[in-house]
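The block underneath contains the structure these notes are about, expressed in structure tokens.
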Amino acid sequence: MARFSRLFFRRYTPTVARELLGAILVRVLDGTTLSGRIVETEAYRGSDDPASHAYRGMTKRTEVMFGEPGKAYVYFTYGNHYCLNVTSERKGEAGATLIRALAPLEGLEEMQRRRGVENVRDVANGPGKLTKAMGIDGSLNGEDLVTSKRLYLVRGERPSSVGVSTRIGLSVAKATEWRFFVDGDEFVSHYRTHNYRKRAAP
DNA sequence: GTTCCGATTTTCT
DNA sequence: GAAAATCGGAACA
């Protein structure tokens, strides 16, 4: 189970976001291991990306987006949900990939319990859903995914076909196609309404 | 099946 | 004071 190196994350964010498809997100919680295959991501950058939290410069919240690549950026939104991102670009340059959906692997029953749903498809097919399923909250903001024992990423089989679309839930930069997903995967969110557009080369 | 709407609180202006 | 990288339930078809 090989992890990604720091250098993997120290690159152009849309590239990192696309190459994270197929990787396994692992959460170790109270001795239990929860994991899932990443099937949907979105890229956010800095001063050239109006949709990014980092667009107007560094604030307390966006500090980690400007820091060392390969760390967890966890933020709270809509008064209810946490979202998990992985930082990228070199130190000083803002960048993060939002993990939007997982295909559950290990610890499915525990994740179903945490989510309060039976249907496997509904366990982690959204950014707020997967953090709840895996017990990820603000205490993991800044966690180093390259070295952490409680939250990390391992390499997985890359999908043969990758879909591309605009990002979801934005009021600005609506035309930028920085959402990536495993083409045809049942665990991708908004699978009927946003799985359109051209496909990127594998 | 799709569309619409309210919840709830942090963050930044 | 407004908006928010969302979710789930209700209504409708």
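Below, read A as the first sequence line, B as the second, and so on, with proteins coming before strands; counting in each chain starts at 1. Owing to the predicted nature of the structure, the values given are computational and were not obtained by experimental measurement.
Ranking dA5(C), dT10(B), dG8(C) by closeness to the R115(A) side chain, first place goes to dG8(C). The side chain of F76(A) lies closest to dT10(B), out of dA7(B), dC12(B), dT10(B). For S171(A), the side-chain atoms get nearest to dA4(C) when compared with the rest of dC12(B), dA4(C), dT8(B). Nearest nucleotide to the R100(A) side chain, out of dT6(C), dC12(B), dT8(B): dT6(C). Of the candidates dA5(C), dT6(C), dC12(B), dT6(C) carries the atom nearest the H81(A) side chain, counting heavy atoms from C-beta on.
For the OP1/OP2 pair of dG8(C) and a distance below 4.0 Å, the side-chain nitrogens and oxygens of K129(A) include at least one atom meeting the criterion.
Between I168(A) atom CD1 and dA4(C) atom C1' there is a gap of 16 Å when expressed in whole angstrom units. The distance between atom CE of M58(A) and atom P of dC12(B), rounded to the nearest whole Å, is 12 Å.
Within 4.0 Å (heavy atoms only), L98(A) reaches at least one base atom of the nucleic acid. At the heavy-atom level, Y78(A) lies under 4.0 Å from base atoms of the strands shown.
Heavy-atom distances to DNA chain C give each of V172(A) and G126(A) a nearest nucleotide, and the one nearer the 5′ end belongs to V172(A).
Remark: dA5(C) base-pairs with no nucleotide in the shown strands. Criterion, Watson-Crick or G-U wobble with two distances under 3.5 Å.
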